[in-house]
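Quick note: residue numbers are just sequence positions, from 1.
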Amino acid sequence: STVLTRSLLASRAFGKAFAGHSRPSLRPSAVSRPTSRQSVTVLAESRLEQLARVTTLSIDTGDLQVIKDFAATGFITDATTNPLFVSQAGLSGDPVYVAFVDDAIAYAREKDGDDVALAMDKLAVNLGVAIAKLVPGYISTEVDPRLSFDKEETLRRARRIIALYEEAGVPRSRVLIKLAATWEGIAAMAELEAEGITCNITLVFGFVQAVAAAQYGARLISPFPGRILDYNKRVQGREAWEPDEDPGVVAVRRMYEYFKRHGHETICMPASWRPSRGKGHDLDEIEALAGTDRMTIPPGFLEQLAQSSGTLPRKLEAAKAADTCSDDILCGGKISEAQFRLLMNQDGCATEKTAEGLRAFIADTDKLEEVIRQKLEEKSS
């Protein structure tokens with residue numbers, strides 16, 4: 001068959017690549033590991049191409065060279081980052097990212113003496129600005145996750161991040177401010193959206209989080225089907241599901257159907273993937289949600305899609321989803337804080353996984369903060 005061959009930078013997981021390791025292949029299980037660069041064969045009618053026809057695709061990494069190479073395929077339009085990626089960039093030692101850090105330190109010292117938070121925001125924006133030059137669509141930048149229960153400080157930092165982007169020549173229309181799906185995060189999002197600052201409500205594990213975000217006007221939500229599956233494996237003591245019955249797939253499909261039935265324009269963009277049927281079935285959840293508005297997918301899975309053929313059926317379609325939805329309008333169409341907190345409390349998966357996700361992102365942010373603080377002190381001594 002006809003093939004399109006494109007050169008992609010061989011890379012291990014982002015963190016290892018920036019820890020001084022060589023960059024082996026972003027390999028699917030059946031592909032051998034070269035030592036430097038690999039010509040990745042993107043099959044004509046590959047599953048990646050088929051998926052890109054029905055779902056807008058984002059790449060989930062902060063590795064600039066990998067983003068560039070995948071964007072060159074024409075199938076990737078957006079990119080997402082999170083505190084882990086920013087932390088890895090800041091700690092990498094790679095000259096490109098060292099320059100980002102040095103610029104952020106210099107900016108913070110010039111503007112506000114020794115403002116660690118400003119330097120961290122500037123570093124995240126520096127990474128985002130570089131990504132914006134590689135993809136034509138949205139870039140996502142997360143507000144410090146330690147502020148997930150502080151609406152006012154979240155608003156201040158989000159507005160500053162947007163100001164930093166605009167100062168660097170990136171319009172706010174291209175930036176999604178990532179906020180955790182806490183009540184305070186959703187309340188902050190509502191104000192930001194009213195100001196023309198679009199938001200990505202992330203760490204969505206429960207129906208109430210998704211619906212509340214949509215009711216208050218979020219541009220986009222990021223539910224995590226893989227982590228929902230992890231929770232259900234532990235709680236149910238079960239290791240495998242058929243993809244269409246995977247609890248994470250079922251949860252995201254329900255959110256998507258609700259949005260379509262009740263006229264919400266909020267984009268459903270799942271992230272975080274697991275194999276429904278176990279080892280060797282990495283793409284199960286991705287393929288089971290083909291047709292959702294958007295997806296953000298890490299490079300390794302994108303490569304597997306690029307190198308696999310066969311029909312990838314569309315599983316979600318807006319009109320059919322609206323007809324299929326069995327959920328009536330939740331809480332009269334505008335959930336209150338009390339109702340949100342009660343429904344969150346009743347959802348073990350949403351409560352546990354949101355807290356777990358925040359703890360992980362906060363740990364990464366704490367590490368980065370310490371490094372930035374040390375560098376600011378070094379510069380001032």
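- For the residue pair E378 and Q374, no side-chain donor N or O sits within less than 3.5 Å of a side-chain acceptor on the partner.
- Neither side chain, S58 nor D78, offers a donor N or O lying under 3.5 Å from an acceptor on the other.
- Take F207 and apply the ring pair (Phe, Tyr, Trp, His ring centres under 6.0 Å) test, not counting sequence neighbours, and it matches Y258.
- At distances below 3.5 Å, at least one donor-acceptor pair connects side-chain atoms of T182 with backbone N or O atoms of S148.
- Side-chain atoms of S308 come within 3.5 Å of backbone atoms of L305 as a donor-acceptor pair (strictly under, hydrogens ignored).
- Note on K260 versus D293: salt bridge recorded, some NZ/NE/NH1/NH2 to OD/OE distance being below 4.0 Å.
- Counting only distance, with no hydrogens or angles, the side chain of Q50 and the backbone of L312 share a donor-acceptor pair below 3.5 Å.
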Test side-chain contact (heavy atoms from CB on, under 4.5 Å) applied to D60 and F301, step by step: CA-CA 10 Å; D60 196 22; F301 293 163; over 6 Å; no
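- Geometrically, K353 does not engage F205 in a cation-pi contact, judged by NZ or CZ lying under 6.0 Å from the ring centre and within 45° of the ring axis.
- Legend: salt bridge (Lys or Arg N to Asp or Glu O under 4.0 Å) pairs involving residues 165-183, not counting sequence neighbours, sorted by first then second residue: E142-K178, E166-R172.
- Between the side chains of Q339 and S336, at least one donor N or O lies within less than 3.5 Å of an accepting N or O.
- Side chain of H281 to backbone of P243: no donor-acceptor contact under 3.5 angstrom is found.
- A donor-acceptor contact closer than 3.5 angstrom links the side chains of T80 and T296.
- Side-chain atoms of Y165 and T141 include a donor-acceptor pair closer than 3.5 Å.
- Within the cation-pi definition used here (under 6.0 Å to the ring centroid, within 45° of the axis), K334 qualifies as a partner of Y216.
- At a threshold of 4.0 Å, the pair K151-E337 does not count as salt-bridged, since none of the basic side-chain nitrogens sits closer than that to a carboxylate oxygen.
- Between the side chains of T354 and Q209, at least one donor-acceptor pair of N or O atoms lies under 3.5 Å.
- The ring of F100 has its center closer than 6.0 angstrom to the ring center of Y97.
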